[in-house]
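Residue numbers count from 1 along this sequence. Atom set for the values below is all heavy atoms of this structure, side chains included, hydrogens, waters and symmetry mates excluded.
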Amino acid sequence: MESQFQAYIAVAVFLLTYALIISEKIHRTVVALFGGLLVIFLGILEQEKAIEMIDFNTLGLLAGMMIIVAITKRTGLFEFLAIKSAKWAKGDPWLLMIALSTITAVASALLDNVTTVLLIVPVTFSITQELKINPIPFLVTEIIASNIGGTATLIGDPPNIMIGSQTHLGFMDFVINLALPAIVIYIVTMICLKFIYGKRLKVSDKLKQKVMAFDENEAIKDVPLLKKSLFVLGLTTLGFILHQFVHMESATIALGGGTLLMLLSRINPDHVLHEVEWPVIFFFIGLFVLVGGLEETGIIEALAVKSLEITGGEMVSTSMIILWLSAIASAFVDNIPFVATMIPLLKTMGELGGMTNIDPFWWSLALGACLGGNGTLIGASANVIVAGMAEHRKHHISFLGYMKIAFPLMIMSIIISSIYVYLRYLM
């Protein structure tokens, strides 16, 4: 009875915290920390257990890449890329959006979506400032592109890394099974965004000509530091690609890259660490503890088990339930604990049902968890990072404003995924 009461309390705290985040009356970092601490104060989690719920691999990855970006920014590389992209697009903002979002999607598949947005957002701010246009449409598009691109590979998004490490599925399995739907979804999404943002993206011919007259080479301020930054960035990227083979976590690789670049650059660490987006880091800490309360009281597991009971283990209906449940849950709850709960449940269900091949379940889980992150501003790590970087530069992405655009696009992507899963695996 006491555990049931605690479950109700955990849900109440979660809903209250989420309502305050949506209202935007109080900064989301303060709200998330308050909600996480409330979970501890009310006895739902002991402090030691709450600390265990914090995913330090995610936090380490964020901090390490923020350090690398903070130092690389001093070289003028982002301004160089901004001018180069704008000149390729001939100053046309829609072509520029396509260029930046495509780079974001591809890089998210090869690196991870968090690293990608940390690199691409400064470029976006540089060029939109020169063209005197609102950066928000570009940032929203890049958030969506990063999550779609991250769906395509094993290393692109944390849920895929978790699924790959707990199953027989390798890097090429993810590419072969998930790259095609990711590409289709990306193309359809960009067409939709053209109708949403197309008329808003207007730039005068005078500003276009001004941008075309820029010399991108003049943007490079420190060539020796640029060489060091590119070396470390290349080394870190290689580490991400090979991390499963060298048995090293992504946080270790990112923090190693950040520390190496600080060592090579000899820049005062006070100046570098000052540029780390600490509100974002602490937002995640609060959110991990908050969701940990739901996990500890069995809410997430009960939701997953109930959904699987409804289907009776039938392949088609179970795959669809997994896909849609993962998508909706990942839009509102961090997908890492949800996926961690689903993996052993799916394995057990396959064993009890005597199923020799449950791969459709894994692909449904991966598509739902990764694409579902596009649904809200706190649905995925990349979303929170971009929102934090925008706020740091006095550009506010509202929770509901983002959701009005992204949630319908997320639903559309899950409909496409449903058709894909059914036609490829279940017919």
Side-chain angles (χ1 to χ4, degrees), residues 64-146 149-150 186 190 201 203 207-238 240 254 257-258 261 265 267 272 275 277 382 385-386 388-390 392-393 395:
M65 292 312 301
M66 285 174 179
I67 290 170
I68 293 174
V69 170
I71 297 175
T72 305
K73 189 167 64 175
R74 294 167 176 257
T75 68
L77 175 63
F78 299 129
E79 289 81 358
F80 173 88
L81 292 173
I83 294 169
K84 200 78 172 173
S85 300
K87 290 177 77 172
W88 173 84
K90 301 189 186 308
D92 182 286
W94 171 244
L95 288 178
L96 179 63
M97 181 180 281
I98 292 176
L100 292 175
S101 60
T102 302
I103 291 170
T104 302
V106 173
S108 294
L110 299 176
L111 300 172
D112 64 87
N113 48 18
V114 171
T115 302
T116 299
V117 297
L118 283 169
L119 295 171
I120 206 73
V121 167
V123 176
T124 304
F125 277 114
S126 296
I127 195 57
T128 53
Q129 186 176 353
E130 293 295 342
L131 289 173
K132 296 187 181 351
I133 50 177
N134 184 3
I136 301 299
F138 289 82
L139 299 178
V140 170
T141 302
E142 286 160 13
I143 289 172
I144 294 170
S146 72
Y186 175 71
M190 290 306 295
L201 302 174
V203 174
L207 281 173
K208 287 181 181 179
Q209 291 169 6
K210 180 184 175 183
V211 169
M212 292 301 291
F214 287 153
D215 182 358
E216 60 270 24
N217 295 314
E218 291 181 0
I220 301 298
K221 303 165 188 171
D222 190 333
V223 174
L225 183 59
L226 176 62
K227 290 178 181 178
K228 293 172 185 176
S229 298
L230 291 176
F231 168 72
V232 171
L233 195 57
L235 203 60
T236 306
T237 302
L238 182 63
F240 284 138
L261 190 51
S265 67
I267 297 172
V272 176
E275 296 190 47
E277 304 282 346
I385 294 293
V386 175
M389 295 175 79
H392 188 68
R393 292 167 174 81
H395 289 282

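At least one side-chain heavy atom of His395 sits under 4.5 Å from a side-chain heavy atom of Ile136. Side-chain atoms of Asn134 and Thr128, non-hydrogen and from C-beta on, never get closer than 4.5 Å to each other. Looking at Leu77 and Leu230, their side chains come closer than 4.5 Å, going by heavy atoms from C-beta outward. Residues Leu96 and Leu131 meet the side-chain proximity criterion, which asks for heavy atoms closer than 4.5 Å. Thr104 is not listed as a side-chain neighbour of Thr141, based on a closest heavy-atom distance of 4.5 Å or more. The side-chain heavy atoms of Glu277 and Ile385, taken from C-beta on, include no pair separated by under 4.5 Å.
Note that the CD1 atom of Ile67 and the CE atom of Met65 stand 10.5 Å from one another [nearest 0.5 Å]. For the atom pair CD1 of Ile127 and CG of Leu100, the computed distance is 8.5 Å after rounding to the nearest 0.5 Å. A distance of 11.0 Å separates CD1 in Ile68 from OG in Ser265, rounded to the nearest 0.5 Å. Rounding to the nearest 0.5 angstrom, the gap separating the CG atom in Leu118 from the CE atom in Met389 is 5.5 Å. Taken to the nearest 0.5 Å, the CD1 atom of Ile144 stands 11.5 Å off from the CG atom of Leu139. To the nearest 0.5 angstrom, Arg74 atom CZ is 6.0 Å from Glu275 atom CD.
Within the structure, side chain to side chain donor-acceptor pair (under 3.5 Å) pairs that include any residue of residues 221-236 do not occur (at least two apart or interchain).
A side-chain donor-acceptor contact under 3.5 Å links Ser101 to the backbone of Ile98.
Take Glu216 and apply the side-chain contact (heavy atoms from CB on, under 4.5 Å) test, not counting sequence neighbours, and it matches Phe80, Ile83, Lys84, Lys87.
In this structure, Tyr186 and Ala145 approach most closely via the heavy-atom pair CE1-CB, 4.0 Å. Of all non-hydrogen atoms in Gly257 and Val232, the two that sit nearest each other are O-CG1, 3.2 Å. Smallest separation of non-hydrogen atoms from Val114 and Ala382: CG2-N, 4.2 Å.
Each of Val121, Val140, Asn113, Thr124 was evaluated against Val386; a single residue qualifies, Val121, per the side chain to side chain contact (heavy atoms under 4.5 Å, CB included) test. Here the rule is side chain to side chain contact (heavy atoms under 4.5 Å, CB included) with Thr75, and of Leu225, Val223, Ile220 only Leu225 fits it.
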Pair Leu119-Thr72, side chain to side chain contact (heavy atoms under 4.5 Å, CB included): steps then yes or no: CA-CA 9 Å; Leu119 295 171; Thr72 305; 5.9 Å; no
